[in-house]
A.B. asks: 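Supplied in structure tokens, the structure appears directly below.
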Amino acid sequence: MNSRTADGRQLLEVDNVTLRFGGLVALDEVNFAMRTGEILGLIGPNGAGKTTCFNVMTGMYRPTAGTVRFQGRPLIGRKRHEITRSGIARTFQNVRLFPEMTALENVMVGADIRDRTSVLGALFRVPRYWREERASRAKAMEMMEFVGIADRAGEVSRNLPYGVQRRLEIARALATDPALLCLDEPAAGFNPSEKAALLQLIRAIRDRGVTVLLIEHDMRLVMEVTDHIVVLEFGKKIAEGSPAEVREDPRVIAAYLGVPTDAA
């Protein structure tokens with residue numbers, strides 16, 4: 001654990017979460033907790049249940065059993081926009097942007113989650129609407145500057161290079177002012193220099209005061225950037241600990257190499 005950033009307060013609890021799709025058990029009594037200020041890696045082979053766990057946390061799936069608590073409050077049963085407003089933001093394995101909107105407009109969508117203007121207020125352009133519009137634009141530009149793509153603000157998002165689109169999605173998530181940012185394979189498709197830059201960005205996000213939960217297949221990046229790691233296989237947690245502990249765990253080696261545990 002990085003004592004310079006993690007302050008010991010429990011932020012997120014995943015408590016005995018089970019999710020079944022018919023006869024398929026996608027998550028099987030998964031347990032882990034996160035402390036404020038840490039970077040936690042959620043790893044495992046393909047099909048281990050990592051993204052499914054994200055989907056439960058962010059309200060896309062309702063678990064069959066178990067609960068998730070964020071800042072001491074249960075999340076199960078809350079709507080997705082309510083979970084976002086509570087302080088959890090995420091990105092996706094496949095980039096999900098509004099392709100015909102500019103980069104700035106995409107990030108403003110994230111900033112708008114905090115707006116309080118009613119539909120009628122927006123329709124009639126009341127003063128509050130204009131104040132929130134200016135604030136959203138300023139917030140969006142701040143986040144684009146933070147992730148290093150402010151110079152692409154006016155470009156239509158579908159025309160942007162893949163790496164810029166990835167950063168744009170992170171900027172949009174950060175514009176919601178999250179306490180916890182969940183990144184789902186943010187380095188997918190990146191070359192080595194882009195991965196190195198992403199590593200620095202993740203650290204900068206944490207240094208900004210945002211706790212980070214990371215799904216990532218690049219083990220070098222995971223081992224370098226995380227404070228703590230949880231390992232899933234076939235929907236079950238098989239290991240948990242520091243990067244050094246997880247790297248040497250026979251169960252993790254077996255899961256990734258496909259060999260029996262006693263041979264790992």
Side-chain angles (χ1 to χ4, degrees), residues 1-2 4-6 12 34 36-46 48 50-51 53-54 57-58 88-97 103-104 106-107 109-111 139-153 155 157-232 242-244 246-247 256:
M1 179 61 59
N2 189 327
R4 293 183 297 105
T5 52
L12 176 80
M34 290 189 70
T36 300
E38 75 175 339
I39 301 172
L40 185 144
L42 185 62
I43 68 170
N46 288 331
K50 306 179 296 296
T51 296
C53 190
F54 266 26
M57 290 167 44
T58 54
I88 298 178
R90 69 168 296 179
T91 64
F92 295 85
Q93 283 181 323
N94 301 311
V95 175
R96 296 188 184 182
L97 298 171
L104 178 62
N106 267 276
V107 183
V109 170
K139 182 70 174 180
M141 283 303 302
E142 178 191 356
M143 293 301 97
M144 294 187 70
E145 183 73 40
F146 176 72
V147 304
I149 58 171
D151 59 328
R152 316 303 286 264
E155 297 184 40
S157 65
R158 63 177 169 79
N159 295 333
L160 294 169
Y162 175 75
V164 175
Q165 290 187 10
R166 280 282 182 188
R167 285 178 173 259
L168 178 58
E169 193 173 38
I170 293 173
R172 184 176 61 188
L174 289 172
T176 68
D177 277 334
L180 173 62
L181 176 62
C182 302
L183 299 174
D184 195 348
E185 297 192 30
F190 276 12
N191 61 40
S193 64
E194 288 173 324
K195 288 180 181 180
L198 175 65
L199 186 150
Q200 296 304 318
L201 176 59
I202 293 171
R203 287 175 175 162
I205 290 169
R206 190 266 308 277
D207 292 344
R208 190 181 176 91
V210 180
T211 303
V212 178
L213 179 54
L214 173 69
I215 291 176
E216 183 51 60
H217 281 294
D218 187 312
M219 287 300 99
R220 179 174 296 180
L221 189 152
V222 170
M223 294 298 170
E224 287 188 27
V225 79
T226 58
D227 304 299
H228 196 77
I229 296 175
V230 172
V231 188
L232 300 181
S242 69
V246 166
R247 185 188 294 115
Y256 275 93

A.B. asks: Could you check whether R208 makes a cation-pi contact with F146, meaning its NZ or CZ is under 6.0 Å from the centre of the six-membered ring and within 45° of the ring axis?
C.D. replies: yes
A.B. asks: Contact between T58 and I88 at the side-chain level, heavy atoms closer than 4.5 Å - yes or no?
C.D. replies: yes
A.B. asks: What distance do C53 atom SG and I215 atom CD1 have between them, rounded to the nearest 0.5 Å?
C.D. replies: 7.5 Å
A.B. asks: In the structure I gave you, are the side-chain heavy atoms of R166 and V95 within less than 4.5 Å of one another anywhere?
C.D. replies: yes
A.B. asks: Say whether, by atom type as modelled, one donor and one acceptor occur between the side chain of Q165 and the main chain of S157 under 3.5 angstrom.
C.D. replies: yes
A.B. asks: Indicate the atoms forming the closest heavy-atom contact of A153 with M141, along with that distance.
C.D. replies: CB-SD, 3.9 Å
A.B. asks: Roughly how far apart are R172 CZ and T91 OG1, rounded to 0.5 Å?
C.D. replies: 9.5 Å
A.B. asks: Kindly write out the residues that satisfy side chain to side chain contact (heavy atoms under 4.5 Å, CB included) with A89, not counting sequence neighbours, or none if the list is empty.
C.D. replies: A173, T176, P178, L181
A.B. asks: Would a distance-only check, ignoring hydrogens and angles, find a side-chain to backbone donor-acceptor pair under 3.5 Å from E216 to D218?
C.D. replies: yes
A.B. asks: Any side-chain heavy atom of I205 within less than 4.5 Å of one from I170?
C.D. replies: yes
A.B. asks: E155 versus L168: any side-chain heavy-atom pair under 4.5 Å?
C.D. replies: no
A.B. asks: So which atom in G163 and which in E194 form the shortest heavy-atom distance, rounded to 0.1 Å?
C.D. replies: CA-OE2, 4.3 Å
A.B. asks: Rounded to the nearest 0.5 Å, what separates atom CG in N159 from atom CZ in R152?
C.D. replies: 10.0 Å
A.B. asks: Decide yes or no for V212 and E38: does some side-chain heavy atom of the first lie under 4.5 Å from some side-chain heavy atom of the second?
C.D. replies: no
A.B. asks: Would you please test M144 and D151 for side chain to side chain contact (heavy atoms under 4.5 Å, CB included) and show each step?
C.D. replies: CA-CA 8 Å; M144 294 187 70; D151 59 328; over 6 Å; no
A.B. asks: Check whether any side-chain heavy atom of M219 sits under 4.5 Å from a side-chain heavy atom of I43, and report yes or no.
C.D. replies: yes
A.B. asks: Are any non-hydrogen side-chain atoms of F190 and Y162 less than 4.5 angstrom apart?
C.D. replies: yes
A.B. asks: Any idea which heavy atoms bring H228 and S242 closest together, and the distance?
C.D. replies: ND1-N, 4.4 Å
A.B. asks: Is a side-chain N or O of R167 found less than 3.5 angstrom from the main chain of V147, in a donor-acceptor match?
C.D. replies: yes
A.B. asks: Supply the atom-to-atom distance E185 CD to L214 CG, rounded to the nearest 0.5 angstrom.
C.D. replies: 9.5 Å
A.B. asks: Determine the minimum heavy-atom distance between N94 and E169, stating which atoms define it.
C.D. replies: O-OE2, 4.4 Å
A.B. asks: For a side chain to side chain contact (heavy atoms under 4.5 Å, CB included) check, start with the C-alpha distance between M57 and L180, then their side-chain angles and the critical distance, and finish with the verdict.
C.D. replies: CA-CA 11 Å; M57 290 167 44; L180 173 62; 4.2 Å; yes
A.B. asks: Looking at K50 and D184, does any basic side-chain N land under 4.0 Å from a carboxylate oxygen?
C.D. replies: no
A.B. asks: To the closest 0.5 Å, what do you measure between CG (L42) and CG (L183)?
C.D. replies: 12.0 Å
A.B. asks: Tell me whether the count of non-hydrogen atoms from other residues, nucleotides or ligands lying under 6.0 Å of CD in E224 goes above 12.
C.D. replies: yes
A.B. asks: Search all heavy atoms of A140 against all heavy atoms of L104 and return the closest pair with its distance.
C.D. replies: CB-CD1, 3.6 Å
A.B. asks: Using every non-hydrogen atom in the two residues, find where V231 and G44 come nearest and quote the distance to one decimal.
C.D. replies: CG1-CA, 4.5 Å
A.B. asks: To the closest 0.5 Å, what do you measure between CG (L12) and CG (L40)?
C.D. replies: 9.0 Å
